Amino acid sequence: MDPNKNWRDCSNLEKQRLKVTKLYAKVNNRKTDFLHKRSTELVKSHDLLVVEDLPVKSLVKNHHLAKSIHDVSWSPLLTC
């Protein structure tokens, strides 16, 4: 590799960046689709929905559960 070449100019790095971007978009789309389907199902099948206001900031302090809690995406479910 040429020592004068900037590593940001590498075409392989750009290809990998695009692959990762596509994967993140795919995961995000699947998550959004699932939340929309689940919220629609809940609204159609129940007359009354009650949502508990949980202190997410406090729950995330548990390092064993923090990633799982962030992955659940409670906020978009409530705004659907």
Side-chain angles (χ1 to χ4, degrees):
M1 188 165 155
D2 186 11
N4 295 329
K5 187 175 181 181
N6 189 351
W7 64 272
R8 293 174 196 238
D9 296 334
C10 296
S11 62
N12 287 337
L13 183 66
E14 183 62 21
K15 288 179 195 174
Q16 291 303 315
R17 190 189 66 75
L18 287 174
K19 282 183 184 179
V20 170
T21 303
K22 286 181 183 179
L23 286 174
Y24 276 119
K26 189 174 185 179
V27 169
N28 189 24
N29 289 338
R30 283 188 176 186
K31 198 180 283 189
T32 304
D33 182 55
F34 172 78
L35 290 173
H36 281 293
K37 287 179 180 177
R38 180 63 63 190
S39 63
T40 303
E41 178 186 323
L42 288 171
V43 169
K44 286 183 178 180
S45 63
H46 295 82
D47 294 332
L48 177 67
L49 294 175
V50 179
V51 180
E52 182 180 359
D53 187 22
L54 295 172
V56 176
K57 198 177 236 184
S58 300
L59 293 172
V60 174
K61 290 180 182 176
N62 181 344
H63 299 293
H64 297 287
L65 298 175
K67 185 176 184 307
S68 297
I69 290 170
H70 281 300
D71 283 343
V72 172
S73 301
W74 286 324
S75 180
L77 180 63
L78 297 176
T79 59
C80 287

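For clarity, every value in this text was computed on a predicted model and none was experimentally measured. Computed from heavy atoms alone, side chains included, the values below leave out hydrogens, waters and symmetry copies.
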Show every salt bridge (Lys or Arg N to Asp or Glu O under 4.0 Å) that has at least one partner inside residues 48-70, sequence neighbours left out. K67-D71
d(L23 CG, L18 CG) to nearest 0.5 Å is 11.0 Å
So, for I69 and V56, which heavy atoms are closest and what is the spacing to 0.1 Å? CG2-CG1, 4.2 Å
All salt bridge (Lys or Arg N to Asp or Glu O under 4.0 Å) counterparts of D47, not counting sequence neighbours: none
Looking at L49 and H46, what are the two nearest heavy atoms and their distance? CD2-CB, 4.0 Å
Contact list for residues 23-35, test salt bridge (Lys or Arg N to Asp or Glu O under 4.0 Å), sequence neighbours left out: D33-K37
Determine, using the 4.5 Å side-chain heavy-atom cutoff (strictly less than), whether L59 and V72 are members of one ILVMFWY cluster. yes
Starting at NE2 of H36, measure out to CD of E41 and round the result to the nearest 0.5 Å. 14.5 Å
According to a 4.5 Å side-chain heavy-atom criterion applied to Ile, Leu, Val, Met, Phe, Trp and Tyr, with indirect links allowed, do V60 and L54 form part of one hydrophobic cluster? yes
